[in-house]
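Here is the structure we will look at, set down as structure tokens.
Each chain gets a letter, A, B and so on, in the order the sequences are listed, and its residues count up from 1.
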There are 2 protein chains.
Amino acid sequence: MFKKFKIPEATVGRLTAYSRFLKEADEKGISTVSSQQIAKATGVTPAQVRKDLAYFGEFGTRGVGYNPRELYNYIMKILGLDRRWPVIIIGAGRLGAALAMYGGFAERGFDIVGIFDVDPAKIGNKIGDIEIRPLEELKEKVEELSIKLGIVAVPAASAQEVVDFMVESGIRGIINFAPVNVSVPEGVVLRRVDLASQLEYLTFHLGESR
Amino acid sequence: MFKKFKIPEATVGRLTAYSRFLKEADEKGISTVSSQQIAKATGVTPAQVRKDLAYFGEFGTRGVGYNPRELYNYIMKILGLDRRWPVIIIGAGRLGAALAMYGGFAERGFDIVGIFDVDPAKIGNKIGDIEIRPLEELKEKVEELSIKLGIVAVPAASAQEVVDFMVESGIRGIINFAPVNVSVPEGVVLRRVDLASQLEYLTFHLGESR
DNA sequence: GGCATTTTGTTAAAAAATTAACAAACTTGT
DNA sequence: ACAAGTTTGTTAATTTTTTAACAAAATGCC
Ligand SMILES: NC(=O)c1ccc[n+]([C@@H]2O[C@H](COP(=O)([O-])OP(=O)(O)OC[C@H]3O[C@@H](n4cnc5c(N)ncnc54)[C@H](O)[C@@H]3O)[C@@H](O)[C@H]2O)c1
Ligand SMILES: NC(=O)c1ccc[n+]([C@@H]2O[C@H](COP(=O)([O-])OP(=O)(O)OC[C@H]3O[C@@H](n4cnc5c(N)ncnc54)[C@H](O)[C@@H]3O)[C@@H](O)[C@H]2O)c1
């Protein structure tokens, strides 16, 4: 589709940031923004903004800048967000529940359509208006709605087996919150989010100046 | 302290992963591990492991490998985790509450010692055994316990003002969960965690293969 | 319309990070 | 004690990413 060349890992995250700024600008009725303004708002250099965009095409006008709404739409399309994505969560614990209720996902096109757990005491309970279902029903649901995305919020010890089952059920993109390295077969995209590690980043850098 | 040279951004995150594996290995009674084993377990190359460690010193024995416990201790010291760190959370919403109850922080040396909010309805409530306190009391608490680390779990619209107040109160390392770019003065370390962006990383990469 | 100004898209240069290669140092077996 | 086999630490090569530079294209002023 796009991707004539290899795209830097970090570019995707920056595109997200650009798109958020562009949406705001558009809502304010601004009709053109420069790479410099985008850069300022998102904490990068203007050259970086132009380079990131250049991987995917030409979206601006020389001497003028970019139209926020237009560029926003392009970026959303690049990110695959020109549609809505159903998402399931495995693990109806504290984190799973917080994520299920998080409005920020829907805002970006992600709909939490199912929450699964193995704890009999939790099955049948509701989080928001979604009922917690037993893990065995995952595959059925995934096939029914062609779900491709899933979030793992189970204890580290269960993460690998849960991920295996998700993949077997048809999930193709996974975010893993358990602090453990899990492996997935070719063709499945995995992203690990380690929150303790984020704090450690801070202590490391605080330590530097000691 | 350490850091004769500049350390790659990603090294810190990998050190966290290495340390987790090393702890497990030590608990299993294993007396030596090779860079290859560490690499395998954490999903990187052996060369990467050795390079990462080389920034900080020599921790292994040629022809043999590393002692898990010893290397674990070294890494924890590098990360600044040879002590415990008190941490405060601002925003006692769903995410703030989930984070406050998260056992994974204490496991890595982080103690949540305070939760602050502005909602009068929440002040006085308890999350676990910590009472939600009004934001005005932040500075007092920070000074009392010499707190350096804070987590921002407030709506995006309030994030910048909250961060400013945290910095003013003495906080020097901040994790921001609000999906907005905030700025901090020199000397304050800021880390942004954007969960929606993680899902977008998945959709981008799924889109590639269409 | 021509000229100065602006801002993009692109190419080139620089910097940073990863991977590879290999000598040095240790272990084990004979 | 020496040879064969490991595995580190380090230096060099490669790859990736970022930053800089600048021609090309558009605007607006006179
Ligand atoms: N709570 C946080 O803020 C937080 C932060 C970062 C990471 N995490 C990680 O996220 C994961 C969940 O954390 P939590 O605090 O929500 O834990 P939790 O104990 O509150 O919830 C875990 C849930 O997973 C369910 N579960 C266990 N095994 C399962 C399986 N095989 N299949 C399906 N469901 C299963 C449990 O029944 C429980 O409901 C953990 O790995 C934790 O380390 C949590
Ligand atoms: N819930 C999630 O899973 C999740 C995931 C990713 C990011 N986030 C982000 O984290 C933040 C919090 O999310 P949430 O779901 O917990 O929201 P929430 O509405 O449940 O909680 C927000 C809390 O912040 C408090 N607050 C508001 N302004 C404040 C201020 N100036 N000072 C102190 N406290 C203040 C509110 O009273 C409320 O208790 C948001 O920015 C959200 O985008 C949440």
5'-most contact on DNA chain D: A:Val44 or A:Gly63, nearest heavy atom basis? A:Val44

Can you tell me how far C1' of C:dA17 sits from CD of A:Glu9, to the nearest Å? 13 Å

Here the distance between atom P of D:dT7 and atom NZ of B:Lys40, to the nearest Å, is 14 Å

Identify whether any heavy atom of B:Thr11 sits under 4.0 Å from a base atom; if not, whether one sits that close to sugar-phosphate; answer base, sugar-phosphate or nothing. nothing

Using whole Å, report how far CZ of A:Arg62 lies from P of C:dT5. 20 Å

Is it true that A:Tyr72 and A:Asp26 share a donor-acceptor pair across their side chains at a distance under 3.5 Å? no

Just checking, is any N or O donor in the side chain of A:Gln160 or A:Asp164 under 3.5 Å from an acceptor N or O on the other one? yes

Rounding to an integer number of Å, can you tell me how far A:Glu70 CD sits from C:dT8 C1'? 14 Å

So B:Gln36, base contact, sugar-phosphate only, or nothing? Heavy-atom distance under 4.0 Å. nothing

Atom pair distance, as rounded to whole Å: NZ in A:Lys51 and P in D:dA20: 14 Å

Could you check whether B:Tyr102 and B:Phe105 have their ring centres less than 6.0 Å apart? yes

Whole-Å gap separating C1' (D:dT10) and CZ (B:Phe56): 16 Å

Please tell me if A:Ser35 has a side-chain N or O lying less than 4.0 Å from either OP1 or OP2 of C:dT8. yes

A:Tyr74 has an atom OH; how far is it from atom P of C:dT8, in whole Å? 16 Å

Of A:Ala47 and A:Val64, the one whose nearest nucleotide on DNA chain C sits closer to the 5' end is A:Val64

Check whether any side-chain heavy atom of A:Arg172 sits under 4.5 Å from a side-chain heavy atom of B:Leu206, and report yes or no. yes

Going by modelled atom types, is there a donor-acceptor pair between the base of C:dG9 and the side chain of A:Arg50 at under 3.5 Å? yes

